[in-house]
S.K.: 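Handing you a structure now.
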Amino acid sequence: MRIDFKTIEAKWKSAWDQNKVYQVTHLDGKPKFYVLDMFPYPSGSGLHVGHPLGYVASDIISRYKRMSGFNVLHPMGFDAFGLPAEQYAIQSNIHPVTATESNISRYKEQLSNIGFSYDWSREVRTCDPAFYHWTQWIFLQLFSHYYDQDENKAIAISSLIARFQKSGNAGINAATGQESEFTHDDWQRMSAKEQDDVLMNYRLAFRKISYVNWCEALGTVLANDEVKDGVSERGGYPVERRAMIQWSLRVSAYAERLLNDLDSLEWTDSMKAMQSNWIGRSEGAQLDFDVVESEHSVRIFTTRPDTIYGSTFMVLAPEHPLVDLITSPELKNVVNQYKDFVKTRSERDRLAGTKQMTGAFTGAYAANPFTNEKIQIWIADYVLMDYGTGAIMAVPGDDTRDLAFAKKFKLPVIEIIERPDGGETGDRRGVMINSQSLNGLSVQEAIAKILGEIEQRKLGSRLVQYKMRDAIYSRQRYWGEPIPIVYDTSGVAYAMEETKLPLVLPDLDDFKPGGSASPLARVTEWVNTPNGMQRDTDTMPGYAGSSWYFLRYMDPWNKSRFAGKDEINYWRDVDLYIGGTEHAVGHLMYARFWHKFLYDKGLVPTAEPFRRLVNQGMIQGVIEYLFMYKEKQNGITKFVCTKLIADESEDALVRIAIPVIFVENYGSPDSHLTIEGIEKLIEWRPEYQDAIFECTQGTYHQGKFTPKGTATGSKLYTQSEIGKMGKRYHNVVDPNDVVAKYGADCFRMYEMFLGPLEQSKPWDTRNIDGVSRFLKKFWSLFHTDDDRFEITDEPATREELKILHQAIKHVRSDIERLSLNTCISHFMTATNELKKLNCQKRAVLEPIVLLIAPFAPFISEEIWELLGHQTSVHLAEYPEFNPHFLVEDVIVYPVCINGKKRTEASFDLNASQKDMESTVLGMESVQKWLEGQSIKKVVIVPGRMINIVI
Ligand code: ANZ
């Protein structure tokens, strides 16, 4: 038995294309169902078997819903702008346009091999001007709106300007960075540039000086979620904090709604938790501490105002504007040195823990407003400038970081809480002590009481803070959407005229990053507009296009709008979104924010874009790690290889996840490392160019690895681990290879069979043969041993129908739960059972083909045609489950003639013997045995058998 899957796949791929089987329109009249995959960025390495895991699942659901009477929108496209695409272009020295184009072709070829039911006519590419026209347009809408906290929505900036003209900014309750108040007179007196600066403090897309993650090697600013462990996520290059003028999006204005609306979503609890932690709502108070012998005061944010009697010093963020104003002259040098040190610290380092506290005393003092005690003002990197007010009252009595800091710098500690047994610092349990009016109260009571006092004495006010930052929106790179803003000679920013969009990215030969200015700044003829303005030269970040692409799929051809009203009102939102957890915050947060903004403008009908979200697990591969000790000698890094010993001190040991290529003993604890392994390390980390590699009996020196000794010597020690699959780990499996060997249906089913969708699991081809054998067996239900298609129109027996309906019941309920691996098991069981019965009946097998069609689209389509159908199986109706066939009180009786089984008959458990007898005698399959014979008697053994004696 052989399935010629290559021919079958080629035939149906082109037939589906030609007949537009998967194309949809919003005018269909059926209920809609929108199934979306997180679209890929087309990297140079193509897809590996891990990528399609989610795509296969969403395709099964799409096909199932389509066959269940829904009009299914199932599109695909490419997130083609952004750093990865550009890095690839730079590395391969191919222009991003060309590289992106060819990467997309490769992806499409790989995807089409797997038989997905995408409506390719709706494909979008974020780097296509027809698409980014609308990315730019939405950006301009954000630019021309502010967030009104009284109305709780975005409002046009023109109405804000009208209010400024009338009464200044008094009484305006907006999400803003504007601190000072101004009157209508002040407003009128401001220059155009000053007014522009004020408006920037209100706009939802705005420019300001921000502390950003600057990556010199990549030549751009990175978002927080693009930085991991102080280095860039892509490439692992060092990142430093730098103050730069940048575009940002005021996501924080939507923090409360982004948090509250999580309740309405069908997402996993862990995804919701990640979102709400990122938003990070904290209730507390802000209050002012006067700086002694100065006109300044320091405003702090605290979630624990109850601890104020224990505040024994203050800490400002080193970037705090007050630092220069209050530092005493003799400490200026120390303070400035410390500030320089902090510039090299990533935000992650700064929040890393209490082990290595650093800081500097400013020489200034503040007065604790409740005790009037004079306390020292310090600066330290554990206080961040862009959270709260950038300053804290330090309470070493109930805060671990403040305590570690106090211990290190010998600052006073006052115990303010008597903790119960087992109580811990900061757990908010216990009774207040040493706190005057608060003594004896619980933490909660004390917070309530002191808040009242703070407000009554006008020392401060209640404040809700969000950890979520405004998203930096500028990149100093070439491969992104140009920002459609122009500046006049005084630097005032203007939105480009909407009718002039899209602002097309100029075609540059030299697109490499250079310093802190974007490559676009080099194109003076593009920068200078005919009417004497200058264009913004930054581009938008990678997440711009992905923040709204799902709306474009609804109407990708629209030239006058981001998508037509009717189309949006029909498709509304995404019913099922499948993608990786790596987007738990970044993409999903930005997309929700853009959507809410569009919702405020009445441009989309729902407040949330993705109703149900499912995260597929990762398919993992085997990674080899190399263990080495790193030590510096005379300025040269030296790596000494050794076996990993569990209790080695972590500081000396570097575990470098390098792509090691093995020639022998693959995967054993002491595999050999080849010279290629070392070369890969240097390619990855050129700064180790001159490092010396030493191992027990071999040396690696300046580009040469000279094994010494015998064949058993010269080993570097490695360890295998299950981890990510990726080019950099040399463990990629190309789906094309699997499809070529086993066929697309087998590939799809095998990916699902690996385990529950949400779980991560290693790619392990050992069991793929099992799935392949199953498909052959399934095929053999319809074929004779010599491969002839053969099917009968005989009526199905009760037993066969039971197998069928058991399968329908389980598969239907498992699909709905997205438990796709168990569906495969049900197919296997049903196939085995029907094979045993030698069932070749259309009445049973035809519904089974329908049932399996979403999983194995090619084979099922081929068999469907062989069964005589002229239209696609994928447009047929999904089989319905009939409980009648599973009712166990129906008994299938073997009907025997003179003790020999000739046929079967089903009867209710409580059917009368008389009825059974007459029914059996009337059956065609019985009568042919009775012809010309006389019946002696009919013996019925209830529940067991019927025997006709002749
Ligand atoms: C006094 C205090 C006493 C605090 C105490 C905590 C415990 P969450 O809950 O994360 O919002 N803080 C405020 N602004 C900060 C900044 N810019 N950088 C670093 N830390 C900052 O944390 C709020 C608490 O973190 C605030 O409450 C403040 O320390 C600190 F027993 O004030 B607390």
Side-chain angles (χ1 to χ4, degrees), residues 210-211 224 241 252 255-256 259 276-289 298-323 342 345-354 357-359 366 368-371 375 377-406 411-419 423-435 438 441-444 446-447 450-451 454 459-460 462-469:
S210 314
Y211 280 88
N224 278 331
R241 303 286 287 169
S252 59
E256 189 84 30
L259 185 67
S276 80
N277 290 340
W278 172 280
I279 296 167
R281 184 180 195 276
S282 284
E283 262 176 44
Q286 55 180 8
L287 73 158
D288 294 330
F289 282 54
V298 184
R299 173 161 297 182
I300 61 108
F301 170 66
T302 177
T303 46
R304 296 290 308 281
D306 59 304
T307 62
I308 190 147
Y309 292 100
S311 175
T312 51
F313 59 101
M314 298 190 78
V315 185
L316 305 190
E319 303 87 350
H320 198 292
L322 269 181
V323 176
V342 173
R345 306 266 289 161
S346 72
E347 193 172 306
R348 212 184 148 103
D349 296 337
R350 293 177 62 160
L351 295 173
T354 52
M357 302 303 282
T358 60
N368 180 324
F370 278 78
T371 61
I375 59 178
I377 304 178
W378 285 66
I379 61 173
D381 69 348
Y382 76 93
V383 176
L384 302 176
M385 189 54 222
D386 48 7
Y387 183 59
T389 58
I392 65 162
M393 63 173 199
V395 183
D398 202 32
D399 182 273
T400 37
R401 285 186 303 175
D402 297 345
L403 180 62
F405 195 84
L411 294 161
V413 181
I414 301 175
E415 293 302 336
I416 33 136
I417 294 192
E418 194 172 276
R419 281 181 253 280
E424 279 173 31
T425 308
D427 70 1
R428 298 192 179 205
R429 294 192 301 145
V431 185
M432 306 305 302
I433 50 171
N434 299 327
S435 297
L438 304 179
L441 298 180
S442 71
V443 168
Q444 287 69 25
I447 292 179
I450 199 86
L451 277 174
I454 289 171
L459 295 171
R462 283 164 216 263
L463 187 68
V464 172
Q465 278 297 302
Y466 298 92
K467 291 252 155 53
M468 170 187 241
R469 315 287 167 75

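Side chains included, hydrogens not; waters and symmetry mates left out as well; all remaining heavy atoms used. When a ligand or atom number is given, it counts from 1 through the structure's own listing order.
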S.K.: Hey, looking at atom 33 (B) of ligand 1, which of T302, V395, T400 has the closest heavy atom?
M.R.: T302

S.K.: Before signing off on this row, confirm whether D398 and ligand 1 have an N or O atom pair separated by under 3.5 Å.
M.R.: no

S.K.: For ligand 1, which part of I392 has a heavy atom less than 4.0 Å away: the side chain, the backbone, both, or neither?
M.R.: side chain

S.K.: Once rounded to the nearest 0.5 Å, what's the spacing between atom CZ of R419 and atom CG of D427?
M.R.: 7.0 Å

S.K.: Between R304 and E283, does a salt bridge (charged side-chain N to carboxylate O under 4.0 Å, His left out) hold up when you go through it step by step?
M.R.: CA-CA 9 Å; R304 296 290 308 281; E283 262 176 44; over 6 Å; no

S.K.: Counting only nitrogen or oxygen atoms and a 3.5 angstrom limit, does S282 reach ligand 1?
M.R.: yes

S.K.: For the residue pair Y382 and D402, confirm or rule out a side-chain donor-acceptor distance under 3.5 Å.
M.R.: yes

S.K.: Answer whether the closest heavy-atom distance between the side chains of L411 and V413 falls below 4.5 Å.
M.R.: no

S.K.: Counting heavy atoms only, which of L384, D386, D306 comes nearest to atom 17 (N) of ligand 1?
M.R.: L384

S.K.: If we only consider heavy atoms of M393, is any one of them less than 4.0 Å away from an atom in ligand 1?
M.R.: yes

S.K.: Less than 3.5 Å between some nitrogen or oxygen of K467 and one of ligand 1, yes or no?
M.R.: yes

S.K.: Below 4.0 Å, non-hydrogen atoms only: which portion of T307 touches ligand 1? Side chain, backbone, both or neither.
M.R.: side chain

S.K.: Run the salt bridge (charged side-chain N to carboxylate O under 4.0 Å, His left out) check on R428 and D306 step by step: do they pass?
M.R.: CA-CA 10 Å; R428 298 192 179 205; D306 59 304; over 6 Å; no

S.K.: Identify, by atom number and element, the atoms of ligand 1 in contact range of R401, meaning under 4.0 Å from any of its heavy atoms.
M.R.: 20 (N)

S.K.: Output the list of atoms in ligand 1 that are nearer than 4.0 Å to some heavy atom of Y382, sorted by atom number.
M.R.: 18 (N), 19 (C)

S.K.: Might you check, step by step, whether the distance between atom 29 (O) of ligand 1 and some protein heavy atom is under 4.0 Å?
M.R.: no

S.K.: Anything under 30° is parallel, anything over 60° is perpendicular, the rest tilted; go ahead and classify F405 against F313.
M.R.: parallel

S.K.: Say you draw a straight line from CE of M314 to CD1 of I379; how long is it, rounded to the nearest 0.5 Å?
M.R.: 14.0 Å

S.K.: Under a 4.0 Å heavy-atom limit, does Q286 contact ligand 1 with its side chain, its backbone, both, or neither?
M.R.: neither

S.K.: Give the numbers and elements of all ligand 1 atoms closer than 4.0 Å to a heavy atom of T303.
M.R.: 9 (O), 11 (O), 23 (C), 24 (C), 26 (C), 27 (O)

S.K.: With a 4.5 Å heavy-atom cut-off, do S442 and V431 have their side chains touching?
M.R.: no

S.K.: Give the atom numbers and elements of ligand 1 that come within less than 4.0 Å of a heavy atom of R304.
M.R.: 2 (C), 3 (C), 5 (C), 6 (C), 7 (C), 31 (F)

